Protein chains: 2
Amino acid sequence: MARVGLTTERLVRAGAELADEVGFEQVTVSELARRFDVKVASLYSHVKNSQDLKTRIALFALEELADRAADAVAGRAGKDALVAFANVYRDYERDRPGRAAAARMRLDPETAAASAGVRHAQMTRAILRGYDLTEPDATHAVRLLGSVFHGYSSLEAAGGFSHSAPDSEETWTRILDALDALLRNWPTEPTP
Amino acid sequence: MARVGLTTERLVRAGAELADEVGFEQVTVSELARRFDVKVASLYSHVKNSQDLKTRIALFALEELADRAADAVAGRAGKDALVAFANVYRDYERDRPGRAAAARMRLDPETAAASAGVRHAQMTRAILRGYDLTEPDATHAVRLLGSVFHGYSSLEAAGGFSHSAPDSEETWTRILDALDALLRNWPTEPTP
DNA sequence: CCTGTTTGCCTAAAAGCTTTAGGCAAATGC
DNA sequence: GCATTTGCCTAAAGCTTTTAGGCAAACAGG
């Protein structure tokens with residue numbers, strides 16, 4: 001019985017690719033085994049169970065996304081950084097839809113706290129250094145940006161903006177303009 | 001063999017409740033059959049398959065949510081309407097997490113076009129009447145609001161903002177203030 | 001009524017995914 | 001070279017999905 005050389009690492013990477021091809025929901029231990037031309041039970045030495053596999057794919061995607069984001073914002077500031085950062089999320093959704101869906105997976109609190117999700121929040125906060133926000137407004141803004149990137153990507157992927165004018169590309173640009181304007185002029189007190 | 005009185009309608013409602021209890025992903029034809037104390041195969045007269053069941057739950061949730069939103073914005077305008085509308089989404093996520101997740105389910109284009117999703121977009125646009133936006137900026141703004149509501153709810157439900165100061169409640173208020181300010185002062189041209 | 005048709009829920013069965021237990025052989029280390 | 005570890009296998013049980021075909025309850029018309 002020749003050994004294929006399974007590894008948790010290799011399984012997770014292959015799982016991420018599988019997710020991009022067939023959708024994160026459709027990632028299955030069985031299908032993964034088929035791809036490695038190995039019996040299903042063999043995977044259970046490397047992965048606890050189906051849930052564990054998916055969680056690992058999610059963590060992998062979060063890391064990858066954080067790496068890309070870190071790369072994009074390096075050497076940039078202000079709106080330039082904001083746009084580069086935002087585009088990483090949108091492009092990831094386009095290029096790696098399965099991984100992007102994985103990155104949106106609900107993780108239990110401890111797992112989430114130990115994930116690259118933390119890096120994402122830190123980078124977002126770093127971008128705000130280009131704007132004059134003090135706490136707690138900076139935190140509010142971090143959460144707003146997270147919501148917009150998250151929400152826009154997912155609505156766009158669901159086809160929410162397709163087949164209707166203006167096209168999604170333009171809206172994206174204008175939304176980033178709007179967010180930039182908002183951050184430069186963050187309201188301190190609500191105007192009633 | 002006593003008849004229980006299954007109906008597509010009743011199945012969908014029960015499915016929505018099941019989703020709120022165990023999560024939308026965990027909604028299963030088998031579990032639903034168990035709840036009606038009926039054999040699994042019996043459900044297949046009322047529902048095409050598992051996917052069909054989930055789609056119907058999603059459509060039901062979208063309708064319910066649209067009804068609530070319509071109710072909330074009736075007789076309101078401007079920021080008042082914006083806040084009431086936004087709170088409907090957030091409250092729905094809190095009170096009916098399974099249905100809310102269902103409402104975020106990816107639908108194929110035709111189904112989506114025939115869904116209450118259209119009403120949601122129309123209501124969002126109606127709210128913008130309280131602000132001075134002309135096309136295509138109104139569309140951009142509709143998409144931004146959709147993204148924020150969608151994204152915030154889903155991040156909050158995933159526990160993204162819990163256990164860290166300031167609390168989610170305050171952020172939500174400040175984000176709505178910020179969106180209101182942004183809509184009253186929507187940037188026409190980007191500032192480079 | 002009561003008889004014929006429709007309809008609702010059933011049994012049966014096949015197929016796929018998940019997960020655990022236990023075994024043999026390949027790799028590794030001394 | 002031998003012992004131990006490790007990797008993949010077979011086997012098997014349990015659960016979900018889905019289709020096919022059957023019987024009896026509900027219902028309609030005479």
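Letters A, B, ... are given to chains in the order of the sequence lines, protein chains preceding strands, and every chain is numbered from 1. Keep in mind that what you see is a predicted model, and the values were worked out from it rather than measured.
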Residue-phosphate contact under 4.0 Å: B:His46 side-chain N/O, C:dC9 OP1/OP2: yes

NZ/NE/NH1/NH2 to OD/OE distance under 4.0 Å, A:Arg96 and A:Glu17: no

Atom-pair distance (NZ on A:Lys39; P on D:dC8), nearest Å: 14 Å

Sidechain N-carboxylate O distance under 4.0 Å for B:Arg143, A:Glu170: no

B:Asn49 CG - D:dT19 P separation (whole Å): 7 Å

A:Glu169/A:Arg90 ion pair, N-O < 4.0 Å: yes

For atom NZ of A:Lys48 and atom C1' of C:dT20, their distance in whole Å: 15 Å

Phosphate OP1/OP2 of D:dG7: any A:Ser45 side-chain N/O under 4.0 Å: no

Short side-chain N/O contact from B:Ser42 to OP1 or OP2 of C:dG8, under 4.0 Å: no

Presence of salt bridge, B:Arg13 and B:Glu64, under 4.0 angstrom: no

Pair A:Phe161 + A:Tyr152: ring centers closer than 6.0 Å: yes

Whole-Å distance separating the CG atom of A:Leu43 from the C1' atom of C:dC17: 12 Å

Strand-adjacent residues in residues 18-30 of chain B, judged by heavy atoms under 4.0 Å from DNA chain C: none

Proximal nucleotide (of C:dT18, D:dC9, D:dC15) relative to the B:Arg34 side chain: D:dC15

Options D:dC8, D:dA20, D:dT17, nucleotide nearest the side-chain atoms of B:Ala41: D:dA20

A:Arg68 with A:Asp91: basic N within carboxylate O range, under 4.0 Å: no

Integer-rounded Å distance: C:dC9 P and B:Arg3 CZ: 7 Å

Whole-Å distance separating the OH atom of A:Tyr44 from the P atom of D:dC9: 15 Å

Touch class at under 4.0 angstrom, heavy-atom based, for A:Val4 against every strand present: sugar-phosphate

hydrophobic_cluster_shared for B:Val118 and B:Met105, side chain cutoff 4.5 Å: no

Integer-rounded Å distance: C:dG8 P and B:Arg10 CZ: 13 Å

A:Lys54 NZ to C:dT19 P, straight-line distance once rounded to whole Å: 10 Å

